[in-house]
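Some notes on the structure that comes next.
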Amino acid sequence: SEGIFFLDARGAWPRLSRPVVTVDVSKPTPMEQEAAWTTYLGPAAASAPVLAGQFDFSLATIRNIASTGLVDRDQLWEACLSSGRTGLESLARRIEPRATWDNIVLPAAEMAMLRQLADQVRRRAFVYDTWGFRSRMNRGLGISALFAGESGTGKTMAAEVIANELRLNLYMVDLSQVVNKYIGVTEKNLKQLFDAAEDGGTILFFDEAEALAGKRSEVKEAHDRYANIEIAYLLQRMEAFSGLAILATNMKAALDPAFVRRLRFIVNFPLPGAAERRGIWERIFPPQTPISGLDFDFLARLPLAGGNIQSIALNAAFLASTINGAVTMPVVLDAARAEYRKLARPINESDFHWDESAGAAA
């Protein structure tokens with residue numbers, strides 16, 4: 001039969017028997033999305049700039065969300081977040097962010113950098129579109145960060161804090177599901193992961209990133225060549241990704257230098273000093289937990305990372321609950337000894353000798 005046929009497809013169809021004209025149709029620009037939100041939301045159109053500034057939806061998705069009849073901005077935001085979760089569960093695990101700025105203890109410079117990171121995610125639509133930077137850049141519109149530090153220094157908590165602050169989905173990437181020994185499968189998984197997260201409501205968190213983004217090696221065999229291709233592909237997708245991607249590692253030196261050069265933020269998470277440890281101890285117990293006579297100055301002398309302090313506090317709470325009593329210094333010190341054994345550290349009892357008569361801070 002004769003006539004014109006229109007085919008809607010993700011990619012061009014090769015080897016068709018008839019002449020074909022291919023027209024690329026991109027997602028609408030942020031301004032076009034804002035106009036669509038304004039049209040479809042009607043009475044709730046005041047939410048359009050905020051939604052278009054964070055999410056990158058097709059017109060069909062915008063129409064579907066608007067058709068729910070929601071008018072409250074928070075409810076619309078949650079509907080957008082729910083829409084952005086599709087396709088991620090097979091390769092990443094969703095984390096419900098609970099930590100806030102009050103829960104994390106870091107030096108002032110690192111805290112300032114984390115707040116700057118959150119501000120850039122929040123203000124990116126204004127800078128890229130209102131101030132015109134999008135027209136000057138063809139890559140690197142996403143925001144990428146490296147969190148580097150020993151285990152237990154707060155890298156995952158910092159990602160939670162940012163996700164909580166920005167009210168975005170936080171997904172921890174399961175590298176065991178992404179990295180594959182068969183040629184081309186890792187790149188396929190990465191493509192699926194980043195494509196699913198492109199709608200803008202998701203923070204991707206790559207823990208132990210050195211397993212995926214290690215230094216490129218000299219090509220001595222076919223395996224080396226394909227491993228280098230995987231690293232190059234990840235770097236390419238990181239630059240093209242429109243959202244926030246966070247790499248976390250306790251082996252910064254093992255990362256490929258090309259990653260380190262092109263990441264927008266590098267936040268170092270040092271082991272806490274005595275002042276930071278005291279702050280962690282002061283905040284570690286929930287308000288509902290009964291505590292009695294805890295000497296935070298004494299506890300701050302124990303050279304522990306924040307993750308270890310969290311483990312001690314939790315174990316101390318369980319110990320106290322078995323006797324239906326409060327968390328006291330003897331209970332916390334017993335839990336600290338157990339943590340030292342877990343870490344295979346020698347226990348010097350002089351370090352755990354606490355003199356109650358010396359005074360305690362309740």
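A quick note: this is a predicted structure, and the numbers were derived from the prediction, not measured.
In this structure, the side chains of I65 and L51 stay at 4.5 Å or more apart for every pair of heavy atoms. With contacts defined as side-chain heavy-atom distances shorter than 4.5 Å, the pair L117/I143 qualifies. In this structure the side chain of L76 never reaches within 4.5 angstrom of the side chain of V50, judged on heavy atoms. Taking the side chain as every heavy atom from C-beta outward, Q192 and S90 approach each other to under 4.5 Å. In this structure, E198 and F241 have side chains that are in contact, with non-hydrogen atoms separated by less than 4.5 Å. For the pair L168/V121, a side-chain contact is recorded, criterion being any heavy-atom separation below 4.5 Å from C-beta on. When side chains are defined from C-beta on, K188 does not count as touching K191, because their heavy atoms never get closer than 4.5 Å.
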**Message:** Could you walk me through whether E349 and R337 satisfy the salt bridge (Lys or Arg N to Asp or Glu O under 4.0 Å) test, starting with their C-alpha distance in whole Å, then the side-chain angles of each, then the deciding distance to 0.1 Å, before giving a yes or no?
**Reply:** CA-CA 9 Å; E349 280 300 329; R337 290 185 183 92; 3.1 Å; yes
**Message:** Using the rule given for side-chain contact (heavy atoms from CB on, under 4.5 Å), can you reason through L255 versus L146, listing the C-alpha separation, both sets of side-chain angles and the distance that settles it, and then say yes or no?
**Reply:** CA-CA 10 Å; L255 288 177; L146 174 67; 3.5 Å; yes
**Request:** Please step through side-chain contact (heavy atoms from CB on, under 4.5 Å) for the pair L88 and L193, ending with a clear verdict.
**Result:** CA-CA 6 Å; L88 282 165; L193 180 71; 3.8 Å; yes
**Request:** Kindly indicate, with the supporting measurements, whether the criterion side chain to side chain donor-acceptor pair (under 3.5 Å) is fulfilled by S67 and N64.
**Result:** CA-CA 5 Å; S67 67; N64 289 340; 4.9 Å; no
**Item:** CA sep, side-chain torsions, deciding dist, call: L247, M238, side-chain contact (heavy atoms from CB on, under 4.5 Å)
**Value:** CA-CA 10 Å; L247 302 174; M238 288 275 291; 4.0 Å; yes
**Message:** Checking T68 against Q75 for the side chain to side chain donor-acceptor pair (under 3.5 Å) test, could you report, in this order, the C-alpha distance in whole Å, the side-chain angles of both residues, the deciding distance, and whether it holds?
**Reply:** CA-CA 10 Å; T68 59; Q75 293 178 339; over 6 Å; no
**Request:** Step by step, work out the side-chain contact (heavy atoms from CB on, under 4.5 Å) result for K252 and I266.
**Result:** CA-CA 10 Å; K252 181 180 176 182; I266 298 177; 3.8 Å; yes
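A cation-pi arrangement is present between R345 and Y340 under the rule of less than 6.0 angstrom and at most 45 degrees off the ring axis. With a 6.0 Å cutoff to the six-membered ring centre and a 45° limit on the axis angle, R123 counts as a cation-pi contact of F126.
For the pair R277 (side chain) and L302 (backbone), a donor-acceptor distance under 3.5 Å is present. Looking only at distances, no side-chain donor or acceptor of N164 sits under 3.5 Å from a matching main-chain atom of E160. Of the possible polar contacts, none joining the E276 side chain to the V105 backbone as a donor-acceptor pair under 3.5 Å is found. Within the 3.5 Å criterion, the main-chain N or O of Q54 finds a donor-acceptor partner in the side chain of R124. Judged by distance alone, the side chain of R283 and the main-chain N or O of D102 form a donor-acceptor pair under 3.5 Å. Proximity of a side-chain donor or acceptor of N189 to a complementary backbone N or O of V178 within less than 3.5 Å is detected. Although no hydrogens or angles enter the test, the distance criterion places a donor-acceptor pair under 3.5 Å between the side chain of Q33 and the main chain of F57. Of the possible polar contacts, none joining the S83 side chain to the C80 backbone as a donor-acceptor pair under 3.5 Å is found. The closest donor-acceptor contact from the side chain of K155 to the backbone of F269 lies at 3.5 Å or more, if one exists at all. Between the side chain of N268 and the main chain of P270, no donor-acceptor pair closer than 3.5 Å is present.
T153 and L106 make their closest contact through O-CD2, 4.1 Å (heavy atoms, listed as atom of the first residue, atom of the second, distance). The shortest non-hydrogen separation linking L41 to A48 is CD1-N, 4.4 Å. Summarising the geometry of I312 relative to A335, their closest heavy-atom pair is O-CB, 3.6 Å, with the distance given to 0.1 Å. In this structure, A248 and F205 approach most closely via the heavy-atom pair CB-CZ, 3.6 Å. The shortest heavy-atom contact between A158 and F147 is CB-CE1, 3.8 Å. In this structure, L304 and P272 approach most closely via the heavy-atom pair O-CG, 3.4 Å.
Atoms OG1 and CD, on T249 and E150 in that order, are 10.0 Å from each other to the nearest 0.5 Å. Taken to the nearest 0.5 Å, the CZ atom of F298 stands 7.5 Å off from the CG atom of D351.
Heavy-atom contacts from other residues, nucleotides or ligands closer than 6.0 Å to CZ of R167 number more than 12. Around CG of N324, the count of heavy atoms belonging to other residues, nucleotides or ligands within 6.0 Å does not exceed 12.
For the pair K27 and D199, the salt-bridge criterion is met [side-chain N within less than 4.0 Å of a carboxylate O]. Salt bridge annotation for R122-E165: present, with a cationic side-chain nitrogen under 4.0 angstrom from a carboxylate oxygen.
Aromatic ring orientation, W77 versus F55: perpendicular (interplanar angle above 60°, classes split at 30° and 60°).
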